[in-house]
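One structure below.
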Number of protein chains: 2
Amino acid sequence: MTTLKPVYLQKVKQHNMADILQKIWEHESISRVELVELTGLTSGTITNLTQELLQTGLIRESETSSGSVGRKRVMLKLRTDRYMIIGLDIGRTSFEVVLADLAGRMIKSVEGNTVGIRNPEQVLDLVAPHLESLKTDATDKKSPVIGLGVSIPGPMDKKTGKLLSPPNFPGWEGYPIQSALERRFGLNVFIEDDARTSALAERWYGLGRKAQDLLFVTMGMGIGGGVVAKGELVVGSNGLYGQVGHITLLPGGEICACGNEGCWETVGSIPGILRRWSGGNTIDGFFQAVREGDPAAVQCMQETLYYLECALTTLFNTYDPDVIVLGGKLYPYLTMHLSEIRSRVKARMYAFVRDRLHIESATFGASQNAVGAVALVFGALLNEPLQTLAGTKT
Amino acid sequence: MTTLKPVYLQKVKQHNMADILQKIWEHESISRVELVELTGLTSGTITNLTQELLQTGLIRESETSSGSVGRKRVMLKLRTDRYMIIGLDIGRTSFEVVLADLAGRMIKSVEGNTVGIRNPEQVLDLVAPHLESLKTDATDKKSPVIGLGVSIPGPMDKKTGKLLSPPNFPGWEGYPIQSALERRFGLNVFIEDDARTSALAERWYGLGRKAQDLLFVTMGMGIGGGVVAKGELVVGSNGLYGQVGHITLLPGGEICACGNEGCWETVGSIPGILRRWSGGNTIDGFFQAVREGDPAAVQCMQETLYYLECALTTLFNTYDPDVIVLGGKLYPYLTMHLSEIRSRVKARMYAFVRDRLHIESATFGASQNAVGAVALVFGALLNEPLQTLAGTKT
DNA sequence: CCATTTGCTTTATTTATTAAAATTATTATA
DNA sequence: TATAATAATTTTAATAAATAAAGCAAATGG
């Protein structure tokens, strides 16, 4: 699953270890013989590598089980309580810090709001005590934290580790968030765009357990996307892969902040809906009006669903995923229409892929970003177990 | 670059050899010391592996060159004339077979038409003598053919090796083309969709030499796409990744053969243009009318360019490629508008990516598919040199 | 209780790497 | 013109991590 770059011989071992660890995760519970079959490695090698994984505490032996005769198979499982991960979701007006085990289960979670705070340092000041406290909690339980995953709005430049400004996280442009966090908390820090962390939450802890190709669509103040292909996050040449809010849905339509015209985001995001409705300025109000049967609101709602239908069809045809997962602040209002959306999109697909097409709801609701931040670290661990663990103080 | 699966120790060598071969290709000409730096392998290993590559005939030593003092560097190059590749483009109404060297240079090419022939076997009967003759040519020159690359319209099921029917290659649904060709010609056979082979032609022999992420858009009787990300072809979960002709451009528009409505293909393909124009049924006639200033035709042309502008903007935002390459039967009529298209699309992009955005013309014109078929085999060779060469009779 | 089966571990061997020394080729300098 | 200096490549001995095959452990059934 990992790509093996130049290759010093030593790295082969690490690669095989990662391969084994991933297979253990995939199967939840698996014996050494099965690993022999799946990996193509010999039984001796499996013995050695699993032993090393047992020593690190990443896996454990559990019950035995097997057929009728012969020695029973010892099942191996991921050990989810030996190490912890901290996830940090920095939103535009709020934050959430969570302590989670390796299965993505939240042990503890703190939320807070950052309304009006524009200075990144001040936001970190606000977050710091909670984060430190979670870190202490984990260490007290002898489950050291292997890393800090961070979910932020909008894309980041991987080379410089700084945030890109557009379209929407004022005050944070150019802030060297990665190095700042590493210095401040002494943890391995991993950062991604919120749409992408959401996609990773599904990949590792949600619907993606089986689906190797998925697209997460987050609808809120903007519309964003995260793509996982063959189990890997796709970022694109400029880090802008999967900006699904900026597909042109209405040629000749409104000019978007991105420079394009008729973007789905201009009509399908929360601000987009409110602009089209022009009956108020809260999304709650809008859906209230819809429920009350207000004709303008109902009409606007119909259009919103139609745009969603068009956009999702386009996205199936461009990304060919196993599943599209829907989430974001707007989505709770749309959940009740899911089966309708499904059938309308299916009706527009090639007949021969219709059954293979899935549209689902995000698994973690309001905590999707925070869980995704955790998943970001977990993915790194499964891809490079020893290296990721290396920086961890036991 | 290649993904190393389970991993027997022996495979490490193959992987390193592939890595070295790719670096030699990338740099056109490179010395052993430079390979040491680039791969991270030691000089001894580089000596061994390059020696083996020299023996297979895949590379050669060329001139020496270097700084002021010390022993000169011996430059290594890909040897392009020792092995040959045959490319076969099967179109809906014509075919092309080419013999090419490893640099993608056409040594010989034969075209023919298949109008009215619906039976795959009959098409192969027509192609066979030309193909056999090219194969003999190559063997006579002591340059054995390492494989046969095939470009076909519409996607194929990788698991079964059979052609999928929709949307458009009547008579070929379910035909086991891969096994048929392998049996008939005794060559390693590699098959891909024509949009994808076109993309590969650029990847290996055209604009993709530097660009790691590219999108090829082919406009003709339909509109198709091929995506290369991080140097690898992307196919998607159902083999339908990059069906760019089926993005919804006009909500409420015409129903497409694919089942979707308002697809770009319904308005932007050759049939789409002719339907909108309704002034005749040849594309030559249409562009003639445009040149003569016929108002309806001019209007239709304006729309066509506008749709193209919208579609390309959407595609940049969804795939984030380094470059979008335009080709297909329709494109020669549009070439003169390229710089206009460029500036119109750029005007709609995020300001900070505007300079990194490139739109270019396909490199190989009418032979794009055939060259792409060759590139398909070349890519396999660079990824797994010894294995690909294994089946070749010297 | 012993033969049989199956799962896991151990040991000797192999392979492709690394590290370091040796060789080759070239230029600068005495 | 010999010789020192430098740089590129090759050779050699040592090493790491795999394989292959034999051995051990744990279970069932007559």
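Reminder, nothing fancy here: chain letters follow the sequence lines and each chain counts from 1.
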query: Whole Å only: how far is the CG atom of A/Leu76 from the P atom of C/dG7?
result: 13 Å

- prompt: Would you find a donor on one side and an acceptor on the other, under 3.5 Å apart, between the side chain of B/Ser143 and the backbone of B/Asp81?
  reply: yes

- request: Take the protein atom CG of A/Leu49 and the nucleotide atom C1' of C/dC8, then report the distance between them rounded to whole Å.
  value: 14 Å

field: Out of C/dT18, C/dT17, D/dA18, whichever nucleotide has its closest atom nearest the side chain of B/Thr42
entry: C/dT18

query: How long is the line joining NE2 of B/His15 and P of D/dA18, in whole Å?
result: 16 Å

task: Answer yes or no: does a side-chain N or O of B/Asn16 lie under 4.0 Å from OP1 or OP2 of C/dA16?
output: no

query: Under the 3.5 angstrom rule, does the side chain of A/Glu202 hit a backbone N or O of A/Ala199 as a donor-acceptor pair?
result: no

statement: Rounded to whole Å, CD of B/Gln14 lies from P of C/dT17 at a distance of 10 Å

message: One pair to check against side chain to side chain donor-acceptor pair (under 3.5 Å): A/Ser237 and B/Asp320. What are the steps and the verdict?
response: CA-CA 6 Å; A/Ser237 168; B/Asp320 189 24; 5.2 Å; no

- request: Report the distance from atom CG of B/Leu386 to atom P of C/dA16, rounded to the nearest whole Å.
  value: 11 Å

message: Using a strict threshold of under 4.0 Å (side-chain N to carboxylate O), is an ion pair present between B/Glu232 and A/Lys230?
response: no

Gap between atoms CE and C1', on B/Met17 and C/dA16 respectively (whole Å): 13 Å

Pairs: protein N or O with nucleotides 9-14 of chain D N or O, under 3.5 Å:
residue : atom : partner : partner atom : Å
D/dT9   : OP1  : B/Val74 : N            : 2.9
D/dT9   : OP1  : B/Val74 : O            : 3.4
D/dT9   : OP2  : B/Arg32 : N            : 3.4
D/dT9   : OP2  : B/Val33 : N            : 2.8
D/dT10  : OP2  : B/Arg32 : NE           : 3.1
D/dT10  : OP2  : B/Thr47 : OG1          : 2.9
D/dT10  : O4   : B/Ser43 : OG           : 3.3

- prompt: Taking atom P of C/dT14 as reference, at what distance in whole Å does atom NZ of B/Lys13 sit?
  reply: 16 Å

query: Residues two or more places apart in sequence or in another chain: which of them pass side chain to side chain contact (heavy atoms under 4.5 Å, CB included) with B/Val227?
result: B/Leu215, B/Val234, B/Tyr241, B/Tyr319

field: side-chain hydrogen bond (donor to acceptor under 3.5 Å, both in side chains) against A/Glu182, all qualifying residues, sequence neighbours excluded
entry: none

